[in-house]
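So that the names make sense, note that chain A is the first sequence line, chain B the second, and so on, each numbered from 1.
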4 protein chains.
Amino acid sequence: MARAKDQEKRQLILTTAKALFARQGFHNTSVSQLVNQLAIPVGSIYTYFPSKEEILQAIIEEGWQDLKTALDQELTQAASLEAQLEILVSSVLPRLFQDTDLISIILSEGLEISRLDEKIDSLITLVLNLRKEAGLMELSSADPALTRIRTAIIIYFLGLMNAARLCTRTPLGISQADLLSFIRDLIHRELALS
Amino acid sequence: MARAKDQEKRQLILTTAKALFARQGFHNTSVSQLVNQLAIPVGSIYTYFPSKEEILQAIIEEGWQDLKTALDQELTQAASLEAQLEILVSSVLPRLFQDTDLISIILSEGLEISRLDEKIDSLITLVLNLRKEAGLMELSSADPALTRIRTAIIIYFLGLMNAARLCTRTPLGISQADLLSFIRDLIHRELALS
Amino acid sequence: MARAKDQEKRQLILTTAKALFARQGFHNTSVSQLVNQLAIPVGSIYTYFPSKEEILQAIIEEGWQDLKTALDQELTQAASLEAQLEILVSSVLPRLFQDTDLISIILSEGLEISRLDEKIDSLITLVLNLRKEAGLMELSSADPALTRIRTAIIIYFLGLMNAARLCTRTPLGISQADLLSFIRDLIHRELALS
Amino acid sequence: MARAKDQEKRQLILTTAKALFARQGFHNTSVSQLVNQLAIPVGSIYTYFPSKEEILQAIIEEGWQDLKTALDQELTQAASLEAQLEILVSSVLPRLFQDTDLISIILSEGLEISRLDEKIDSLITLVLNLRKEAGLMELSSADPALTRIRTAIIIYFLGLMNAARLCTRTPLGISQADLLSFIRDLIHRELALS
DNA sequence: CATGAATGAGTCTTCATTCAT
DNA sequence: TATGAATGAAGACTCATTCAT
């Protein structure tokens with residue numbers, strides 16, 4: 001019981017901090033502002049997190065983990081490659097792009113903190129696995145095609161993340177729906193080619 | 001007459017601050033760290049800039065302006081559309097992607113400061129103009145094709161910027177040359193279509 | 001439970017700041033000088049007051065409030081008008097004139113801070129009430145006699161305050177006792193007239 | 001010629017500084033604000049005054065000197081004691097009370113700077129001389145009547161100065177004309193007595 | 001255990017005065 | 001001589017974290 005309540009409070013801290021960090025930036029958000037919003041005493045924070053920075057890290061890592069867990073779950077339930085792609089396009093990616101607070105934080109903070117490179121690596125691995133499942137032959141690590149794929153994934157992923165963030169903050173003339181259309185087109189085109 | 005304001009010193013402040021802000025972040029760089037590195041007295045900073053934040057803004061705006069000036073100059077000297085694209089791919093974009101410090105700063109700071117949206121807008125205008133010069137008919141503002149183009153530009157631009165930044169900071173397995181190849185392929189493919 | 005905010009420390013800050021501000025002026029007294037004198041860390045000041053200026057305001061408002069509270073208390077205990085005047089002359093005014101630090105601060109700082117006008121207004125109200133209690137008829141707000149009384153109160157009050165301040169700082173050849181004699185004479189004369 | 005122009009500039013600095021110091025306070029007025037208002041270079045100030053504080057002192061001393069010079073001149077031209085008092089009430093005092101900027105500065109700054117005590121002393125001497133001219137016998141320095149007169153002068157003078165300042169800054173319900181009426185009444189009453 | 005006052009190194013910025021030009 | 005950039009000590013204030021209660 002006590003544990004459950006603790007976890008709830010921990011989650012509440014995370015949620016509130018996430019909104020604050022995303023809108024004002026990590027450095028422009030003070031711990032006291034956070035506790036004011038939460039209406040809890042300052043000391044409380046430090047029973048859940050050893051430092052302000054670890055709150056930031058937890059937001060990023062746990063947010064990303066949630067996404068990955070959902071992805072894995074939905075992907076294993078999919079019958080075919082087509083179904084898997086459909087899930088990607090209709091379920092997982094929209095969920096990621098909707099979480100602009102998480103995206104903002106990941107993109108704004110230092111690489112050491114967000115560990116974007118690790119996240120991209122795992123994404124590349126995922127795509128490569130899908131390729132293999134699709135029956136395409138594996139690429140040797142020296143193959144220039146591998147580099148091309150890797151490059152494309154990085155550019156598309158980062159471009160989409162950043163675009164999703166900007167969409168909600170600024171009048172760019174496009175919407176999140178347009179981003180999803182872009183992905184759908186992209187996947188269809190790529191599949192037709194291969 | 002008194003000393004004239006030393007524009008070289010102003011530039012030195014800008015250059016040093018740029019490197020510092022890019023590597024450590026704006027908030028993790030103190031004014032005293034900056035003046036230590038420059039070996040000038042604190043007050044000097046404030047004869048050239050009214051605040052720390054205005055240094056940041058000058059870095060972004062002047063850096064971007066330099067790029068645009070170079071772009072405009074080189075573009076007007078190009079004889080054909082092909083030559084213009086070649087300049088884009090071989091000269092201007094490489095220069096932008098090499099300036100990872102500038103990119104880092106633009107992408108990491110708040111929208112109000114970096115005004116990324118304005119920069120993207122001017123980029124879209126540029127591309128639309130190139131299209132017109134190429135003899136393609138103009139798109140009405142309601143045309144879904146316009147939205148598609150807009151979306152693509154945003155994604156590619158942001159993706160490339162971010163990828164260029166990551167390349168030099170983290171071992172992602174790709175290089176800036178790969179990014180340029182990506183662009184080259186992209187342009188050729190798009191031109192073939194049109 | 002954490003430490004309770006120490007009201008004694010707050011009072012000590014107020015007392016020390018009052019002496020410093022009165023002798024050196026608000027602007028010539030730095031926060032670090034204040035904390036040095038108090039032998040407490042800088043931050044402590046800011047757990048009790050939001051800013052240096054609010055210390056000044058607290059000194060003035062609380063000092064004035066103390067005086068008014070004492071005045072009200074003693075006045076209600078007085079049996080007759082004569083007793084009330086006696087209290088004024090023998091107890092409350094001497095106490096005010098003795099607090100030359102408070103007077104100095106009130107007179108030296110800006111009107112927005114000291115709100116001298118409000119203080120004078122409440123004094124005029126007090127005197128008018130005493131008049132009424134004495135059975136004198138009320139003056140209509142257009143009556144020139146009201147303006148005369150108002151003018152006299154303002155001049156006497158400000159003159160006495162300022163004189164009290166100067167007495168202790170400079171060799172003017174008069175003492176606080178002389179000021180009290182002046183008041184006593186004044187009141188007797190005025191009462192005889194009315 | 002050159003000297004005349006210099007004196008003009010010096011006077012302009014004094015006039016501008018006086019208005020600024022009176023309205024914002026000495027410490028809240030920076031030298032650069034002053035030179036901005038004057039539209040002259042910073043260095044210029046220091047060819048006329050050795051420091052910011054000496055500007056303040058010049059404002060006070062020269063302002064006071066002007067008043068005294070005018071007073072002496074007009075007083076010696078007066079035929080009778082009545083004429084002298086009339087001059088005091090109708091000419092010199094109104095001029096002093098109108099110069100609320102000067103009064104503000106004198107009353108707000110430290111005693112060491114404004115040397116209020118010296119000014120009061122010279123005022124007492126003046127009144128004592130008038131008394132002597134009026135044929136009243138001189139008072140020995142031990143005479144309690146001397147102390148009474150001295151006290152009264154101090155209180156009236158400081159009270160009127162302060163009241164004049166407050167009148168123009170705050171809605172106290174009285175005007176400078178009321179102050180002059182007060183003085184007139186006072187003098188008539190006192191003369192009737194003696 | 002929960003609390004929030006206490007801490008002090010560190011933040012950005014100011015500004016009267018000087019002096020190289 | 002006139003100028004205004006240069007200077008740097010000093011200014012008020014912040015804030016993540018600790019620890020006495």
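Regarding Ile40(D), its CD1 atom lies at a distance of 17 Å from the P atom of dT1(F), rounded to whole Å. Going from atom CD1 of Ile45(C) over to atom P of dC15(F) covers 18 Å, rounded to whole Å. Taking atom CG of Leu20(D) as the reference point, atom P of dC15(E) lies 13 Å away to the nearest angstrom. As a whole-Å value, the separation of Asn28(C) CG from dA12(F) P is 11 Å. Between the CG atom of Leu34(B) and the C1' atom of dG8(F) there is a distance of 16 Å, given to the nearest Å. The nearest whole Å value for the distance from the CD1 atom in Ile13(B) to the C1' atom in dA5(F) is 12 Å.
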Checklist entry - Could you walk me through whether Ser114(A) and Glu109(A) pass the side chain to side chain donor-acceptor pair (under 3.5 Å) check? => result CA-CA 6 Å; Ser114(A) 66; Glu109(A) 298 311 324; over 6 Å; no

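Inter-residue side-chain proximity for Leu67(A) and Leu102(A) is flagged as met; some heavy-atom pair is nearer than 4.5 Å.
Between His27(C) and Lys9(B), the residue whose closest nucleotide on DNA chain F is further toward the 5' end is Lys9(B). When the nearest nucleotides of DNA chain E are assigned to Lys5(C) and Glu53(B) by heavy-atom distance, the more 5′-ward of the two goes with Lys5(C).
Nucleotide dA20(E) forms a pair with dT3(F), judged by Watson-Crick or G-U wobble geometry with both contacts under 3.5 Å.
Within the nucleic acid shown, Tyr48(B) comes within 4.0 Å of sugar-phosphate atoms alone, with no base atom in reach, counting heavy atoms only. Within 4.0 Å of Ser44(C), counting heavy atoms only, lies at least one base atom of the nucleic acid. Counting any heavy atom pair closer than 4.0 Å across all strands shown, Thr47(C) reaches a base atom. Residue-level contact check: Val31(C) touches the backbone only, with heavy atoms under 4.0 Å from sugar-phosphate atoms and none from bases.
Of the candidates Arg165(A), Lys18(A), Arg169(A), Arg169(A) is the only one forming a salt bridge (Lys or Arg N to Asp or Glu O under 4.0 Å) with Asp101(A).
A sub-4.0 Å separation between OP1 or OP2 of dG11(F) and a side-chain N or O of Ser30(C) is present.
Comparing atom distances between the Val42(C) side chain and each of dC13(F), dA9(F), dG4(E) picks out dC13(F) as nearest. Checked against dA6(E), dA12(F), dG4(F), the side chain of Asp6(C) finds its nearest nucleotide in dA6(E). The nucleotide whose nearest atom lies closest to any side-chain atom of Ser51(D) is, among dT13(E), dT17(E), dA6(E), dT17(E). Nearest nucleotide to the Tyr46(C) side chain, out of dA12(F), dT18(F), dG4(F): dA12(F).
Heavy atoms of other residues, nucleotides or ligands lying less than 6.0 angstrom from NZ of Lys119(A) number more than 12.
Between Phe21(D) and Phe26(D), the angle of the ring planes goes over 60°, which puts this pair in the perpendicular group of the 30/60° scheme.
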